[in-house]
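In what follows, every chain begins at residue 1, and chains take the letters A, B, ... in the order their sequences are listed.
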Protein chains: 2
Amino acid sequence: MARKRLQGNRAPTVHTVAKLAGVSIASASRVLNGLGASPETEQRVRAAAAKVGYVPNAVARSLRSRRTDMLALAVEDIGNPVYVAMMRAMETVVRRAGYRLVVHATGADPDGEVELLDGLAKRYVDGLVLVPIRVTDAHLEALSRAAGPVVVVGALPDDVEVDNVRTDSHSGVGLALSHLVESGRRRIALINGPLDTVPGAARQAGYLAARDRLGLPADDALIEIGDFRYEDGRRATERLLDRVRPDAIFCANDLIAVGALHTLLSRGIRVPEEIALVGMDDTDLARMSFPQLSSVSLGSEERGQTAAQLLLDRLVDPDRPPARVTVPPRLVIRASSRAVRP
Amino acid sequence: MARKRLQGNRAPTVHTVAKLAGVSIASASRVLNGLGASPETEQRVRAAAAKVGYVPNAVARSLRSRRTDMLALAVEDIGNPVYVAMMRAMETVVRRAGYRLVVHATGADPDGEVELLDGLAKRYVDGLVLVPIRVTDAHLEALSRAAGPVVVVGALPDDVEVDNVRTDSHSGVGLALSHLVESGRRRIALINGPLDTVPGAARQAGYLAARDRLGLPADDALIEIGDFRYEDGRRATERLLDRVRPDAIFCANDLIAVGALHTLLSRGIRVPEEIALVGMDDTDLARMSFPQLSSVSLGSEERGQTAAQLLLDRLVDPDRPPARVTVPPRLVIRASSRAVRP
DNA sequence: GCCCAGGGTGTAAACGTTTACAGGGCAGTG
DNA sequence: CACTGCCCTGTAAACGTTTACACCCTGGGC
C-alpha cells in the first residue's frame, strides 16, 4: 500500500475541474450542484471531477451560504450519564438533518457559558443548545443578546424569550414519594445536590411540598445535601444513617442513589426490605444496579431530541415565537422500592 | 429586558469597523490582530469595534487561514462509558489548545467510518481521531488516501502508516488471570464480545494464551460469547452457569461484567466468595458496583489524551514519521476478586 | 424573414477575512 | 540636500464557493 499523499499541490478546486472540463467555473459549479446543464457539459464536468477527486470545500461553501451545518451542545460535564443520554439523542436527530454536533464541556463555569453564548457571534456554528446547571443574571443578559439561535434545557424565568425545554422535577419528586408512601413507607429521607443549582432547588421544593401533601413527618433531619456525584451520595448517606433511620431514601440523582445503595449494602441493610431507594433521571445506571434501581425518569433522551428539533425548527423559521416544551416526569419502578411484607 | 435583536442588518464586519474608524480594512484588521499600528489608529479602531460590537467571523477566517480549529472524534457509540471517558479526556486536551471537538457516532457502521475519513477532504475539521471497532480493507484504503491528519485508536496492521494509539489488552487479560490464579481460582471463565471485532479477538487470544501459560484446564465450555453490552453480559452469564460452574469469571468489558454480576447475585451466588469477577476498561461502572468490581484498566483517559495530543502535534509537523504509542494495561483490584479462605 | 422566448453558458461579484506589496512621510546619515 | 531606511498606511489579491446578470444561440410563431 503505497503512500501517495498529494504533498505539495493543493487540493483540487472547482477551478481545477472547470479548466480540465473546458468550461467555466459557473458551469462546473452548476453541474456539481445538480442544476441545469447540457448533457455534454454535465458529462465532461463529472468526468473531470471524478478524475481529480474533487471534493467541495465546506468552509468556502459556508462562507458563501452563511451556514455551517454545525450545532453546538454545551453541558457541564460530558461524562455525566444524564448529559450523555441527551447528547446521544441530540446527535441522532441532528445527524439525520445533515448537521454535525460540536460539544463543549463548560465545567459548571458560568463565565464559560456566557463566553459560549457570545461566541455564537463568530458564527462557527448555526446554533447552540445550552444546558446550564446554574442560571445567573449574566446568563440572562447573554441570552438576550445572543447572536444566533439558542435553546436552553432547564428551567428559566418566565419572561425570558428563548426556546426552552424543561421537565417538572418538582412533581417528579412527588411521584416518587407517593409511590413510597403507597408501598408502606413513612420516614422518607432526601439526599439532594446543592441548593443553589436549578435542579437542586426544584427537587428540594418538590420534596417539601410532597411531604406536606402526603402528611409525612416534617423532620428536617431526614434531609442531607451533598453534590450530585457518586462519592457524595455515599458520604451523604453515611451522615444520614449516623443520625436517623429512615425507611426509604429518595435521591436527587441516580449517581447519588447508586452511592447510597453502596453505603446501605455495605452496612448490611437490605434494599428494599429495610430501606427502599428511589433515584432520579433513570439513567443506565439504574438498570445496571443490583437490586435494580427505581428512578424517576425526566426524559433525558426526549429532552435532548426536543431541544435539537426546536433548534432545527428555529433555523428554518427565525421569527416564530419562542417555544416552551415541558417533558413530564415518569416513575419507573424497579426492585429497589418494591413493596414488602413487614 | 427588551428584545433588541439586530433583525435585518447584517452583523458588523471589519469593513464596518474600518469605515467608522476612518481607516482602511487592512489597518483595522491589523489592530484587531495585535499587529503594529500607531497609537492613534489603534485607539480609533478599538473604539469603533467596541461601539458596533464587532466579532470576527470564524468561517471567513478559516477560509483564509486554511484551518478550522476543530477536530473530529468518531466512535461507535457516544454512550459507551469507555468512549465517554476518552471523549472527555480529548475534549480537555483539545480545548486547552484552542480547538473544538466535533463528535460523530458511527454506530459501528464501517461505511460511515469510511465516509468520515473521505469527508476530511471537505476540510470542515483539521483532523480526526477514529476509534474503529472493526477494521476492514475499506478502512485501510480510506486511511491511506485520507486528505487530512488522522489518529487511529486501536490496533492496526503493522504496515499502516498512521498515527496510532493502542493498548495491550492481550496481556491485560493475562494480568487478570494471573491475579485470579494467585488468589486461588482455577476454573476461570471468559465472557467475551464478538470475535470479529478488534477488541474481541485480542481478548480471546489473550485468554487462551494466559490459560496455557498458567496451566489452567483447557475447557472451552468456560468460554461464552455475547455482545459488549450489559444485557448481553447478563444473558451470556445465564448460559454459562447453566452449563458449567467456574470459580471465577473474566469479562471482556465492564458492561458485560456488571451484567454478569447481576446474574450471579440474582442466583444467590456470593461474589467473590463463590465466584470472583474481573472486568475490563475500569470505567466508572466498576467503582459504582457493589461489590466494587476489579477491572483491567486500559487507560481510556490516557489513550484519549494521547490521541488528541498526537493529532495536535501532527498539525504542527505534518512530516514527522507516524507515531505509535502503546498504553500498558493495569490491573485494579477491588472487592469482586479479593482472595477468600475456603 | 422578423421577433421573442428560453435554455445554456461565461463573467464577475459576493461572502469576510488576512496579508503581500507598494507608496508616503519622516528622521538620520553622508 | 540627496539618499537610505523605517514605520505606518492603503490598495488589492487571495482563500473556494455560489449565483445574479448579461450574453449568445436556437427554434417556433406570426
Counting N and O atoms only, with roles assigned by atom type, does the side chain of Arg61(A) sit under 3.5 Å from a partner on the main chain of Arg67(A), one being a donor and the other an acceptor? no
Between the main-chain N or O of Val325(B) and the side-chain N or O of Asn164(B), is there a donor-acceptor pair closer than 3.5 Å? no
Run the side chain to side chain donor-acceptor pair (under 3.5 Å) test against Glu113(B) and tell me which residues pass, sequence neighbours left out. Thr106(B), His139(B)
Return the value, rounded to whole Å, for the distance between atom CD of Gln43(A) and atom P of dG8(C). 16 Å
His104(B)/Glu115(B) under side-chain contact (heavy atoms from CB on, under 4.5 Å): CA gap, chis, key distance, verdict: CA-CA 11 Å; His104(B) 294 276; Glu115(B) 245 172 72; over 6 Å; no
Under 4.0 Å, heavy atoms only, any strand: does Val59(B) hit a base, just the sugar-phosphate, or nothing? nothing
Strictly under 4.0 angstrom, non-hydrogen atoms only: write out the protein contact profile of nucleotides 11-17 of chain C, one letter per nucleotide from the 5' end, B, S or -. BBBBBBB
Hey, is the main chain of Leu35(B) close enough, under 3.5 Å, to the side chain of Asn33(B) for a donor-acceptor pair? no
Please answer whether the main-chain N or O of Glu42(B) pairs with a side-chain N or O of Arg30(B) as donor and acceptor at a distance below 3.5 Å. no
Can you measure Glu40(A) atom CD to dT9(C) atom C1' for me and round it to whole angstrom units? 13 Å
Heavy-atom contacts under 4.0 Å between residues 119-128 of chain A and DNA chain C, which residues? none
Would you kindly give the CZ-to-P distance between Arg44(B) and dC8(D), to the nearest whole Å? 16 Å
Counting N and O atoms only, with roles assigned by atom type, does the side chain of Ser300(B) sit under 3.5 Å from a partner on the main chain of Met86(B), one being a donor and the other an acceptor? no
Looking only at atom types and distance, does a side-chain atom of Arg123(A) sit under 3.5 Å from a main-chain N or O of Gly148(A), one as donor and one as acceptor? no
